[in-house]
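What follows is a single structure, written as structure tokens, with notes after it.
Since this is a predicted model, take the numbers as computed values, not measurements.
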Amino acid sequence: MLGKLEQPEIEALLSRQITGRLGCHANGITYIVPVNYVYKNGVIYAHSGPGKKIEMMRQNPKVCFEVDEIKNIFSWKSVIAWGKFEEITEIGEQEQAMQALIHRIMPLVEQPSGHPSHGITESEYDLGDKIDLIVYKIVIDNTTGRFEHN
């Protein structure tokens with residue numbers, strides 16, 4: 001049976017997952033990339049090093065985000081969200097976002113140090129000094145969700 005997820009189910013799926021796919025578009029090119037994230041109150045928080053997705057989102061902040069939960073080919077849930085990229089520049093908000101991301105990622109990390117691309121370093125002072133991380137949020141303005149189960 002195919003069906004539509006209601007808003008509480010959409011919120012639950014976004015909150016439950018840790019990796020989603022971010023779609024951005026600029027200069028006639030569409031780019032989709034997996035990102036680790038944290039979802040809270042209609043906002044997706046994530047981080048990245050400098051690169052293609054950041055350049056594209058700075059040019060065109062309108063993005064699409066997809067997350068799914070697949071048990072098998074006949075049992076799955078999927079959410080698509082549209083929103084706006086906003087780079088977080090205020091230090092307090094950056095710290096809160098990074099704390100939430102690290103807290104979410106740490107249970108999946110085998111070694112507690114040595115993952116600077118995820119903001120996990122031996123010294124918190126490495127961020128912004130030795131490691132160039134861009135912390136950003138996607139403010140969601142529309143969502144849709146579908147499911148299938150047998």
Side-chain angles (χ1 to χ4, degrees), residues 4-71 76-147:
K4 181 179 174 183
L5 295 176
E6 298 299 325
Q7 195 60 37
E9 296 167 301
I10 289 171
E11 297 281 323
L13 184 58
L14 284 167
S15 297
R16 213 170 29 247
Q17 297 303 312
I18 190 168
T19 302
R21 278 144 299 284
L22 177 66
C24 45
H25 183 84
N27 299 321
I29 297 170
T30 301
Y31 186 62
I32 301 169
V33 61
V35 296
N36 293 323
Y37 75 97
V38 170
Y39 175 77
K40 185 175 182 181
N41 299 326
V43 178
I44 293 165
Y45 294 92
H47 68 284
S48 176
K52 187 174 196 79
K53 73 176 168 284
I54 296 297
E55 290 172 16
M56 292 177 79
M57 290 189 298
R58 284 175 175 163
Q59 289 178 36
N60 178 7
K62 294 180 180 178
V63 299
C64 186
F65 188 81
E66 188 271 345
V67 65
D68 50 44
E69 186 173 80
I70 302 171
K71 293 181 182 174
W76 53 265
K77 295 177 183 179
S78 178
V79 168
I80 297 176
W82 292 268
K84 184 180 177 193
F85 160 81
E86 293 181 15
E87 200 164 328
I88 299 173
T89 57
E90 197 274 315
I91 298 297
E93 189 177 5
Q94 282 181 344
E95 288 174 352
Q96 287 181 338
M98 284 307 300
Q99 285 175 354
L101 284 161
I102 290 170
H103 176 75
R104 192 83 166 101
I105 291 169
M106 284 305 290
L108 304 173
V109 175
E110 291 178 10
Q111 294 176 320
S113 63
H115 294 278
S117 65
H118 292 284
I120 302 169
T121 63
E122 290 185 25
S123 169
E124 64 186 60
Y125 301 106
D126 289 345
L127 295 177
D129 183 29
K130 295 180 184 175
I131 299 161
D132 192 10
L133 273 184
I134 297 156
V135 184
Y136 63 93
K137 60 186 172 184
I138 306 299
V139 180
I140 296 174
D141 55 38
N142 191 22
T143 59
T144 186
R146 301 286 186 262
F147 71 87

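Residues satisfying the side chain to side chain donor-acceptor pair (under 3.5 Å) criterion with Y136, sequence neighbours excluded, are absent altogether. Taking the side chain to side chain donor-acceptor pair (under 3.5 Å) definition, one finds that T89 meets it with nothing, sequence neighbours left out. Applying the side chain to side chain donor-acceptor pair (under 3.5 Å) rule to Q59 yields the partners N27; only residues at least two apart in sequence or on another chain are considered. Checked against side-chain contact (heavy atoms from CB on, under 4.5 Å), A97 has the following partners two or more places apart in sequence or in another chain: Y45, I88, V135. Listed by chain and residue number, nothing satisfies the side chain to side chain donor-acceptor pair (under 3.5 Å) test with Q94 (two or more places apart in sequence, or in another chain). E93 is linked by a salt bridge (charged side-chain N to carboxylate O under 4.0 Å, His left out) to K137, counting only residues two or more places apart in sequence or in another chain. Take R16 and apply the side-chain contact (heavy atoms from CB on, under 4.5 Å) test, not counting sequence neighbours, and it matches A12, L13, E69, K77. Partners of P50 under the side-chain contact (heavy atoms from CB on, under 4.5 Å) rule, at least two apart in sequence or in another chain, are D132, I134.
The minimum heavy-atom distance linking V67 with T19 is given by the pair CG2-O, 3.7 Å. Across all non-hydrogen atoms, the minimal contact from V38 to A100 is CG2-O, 3.5 Å. Taking all atoms of both residues into account, the shortest heavy-atom contact from N36 to L101 is O-CD2, 4.2 Å. Closest non-hydrogen pair, V63 versus C24, comes out as CG1-CB, 4.2 Å. Between I32 and G23 the shortest heavy-atom distance is CG1-CA, 4.1 Å. Considering all non-hydrogen atoms of both residues, I10 and T144 come closest at CD1-C, 3.9 Å.
Put simply, the side chain of N142 never gets that close to the backbone of W82: no donor and acceptor are under 3.5 Å apart. Side chain of E95 to backbone of G92: no donor-acceptor contact under 3.5 angstrom is found.
The CG atom of N60 sits 10.5 Å away from the NZ atom of K84 when rounded to the nearest 0.5 Å. Distance CD1/I44 to CG/L22: 8.0 Å, rounded to 0.5 Å.
Using a 4.5 Å cut-off on side-chain heavy atoms (C-beta onward), Q17 and Y37 make contact. Contact of the R146 side chain with the K4 side chain is registered, since non-hydrogen atoms from C-beta on lie closer than 4.5 Å. In this structure, F65 and I140 have side chains that are not in contact, with every pair of non-hydrogen atoms separated by 4.5 Å or more.
Applying the salt bridge (charged side-chain N to carboxylate O under 4.0 Å, His left out) definition to pairs two or more places apart or across chains, those involving residues 50-60 are R58-E87. For residues 32-51, no residue pair satisfies the salt bridge (charged side-chain N to carboxylate O under 4.0 Å, His left out) rule, not counting sequence neighbours. Residue pairs satisfying the salt bridge (charged side-chain N to carboxylate O under 4.0 Å, His left out) criterion with at least one member in residues 23-34, sequence neighbours excluded, are absent. Legend: salt bridge (charged side-chain N to carboxylate O under 4.0 Å, His left out) pairs involving residues 17-32, not counting sequence neighbours, sorted by first then second residue: R21-E66, R21-D68.
Under 3.5 Å, the side chains of Y39 and E11 contain a donor-acceptor pair of N or O atoms.
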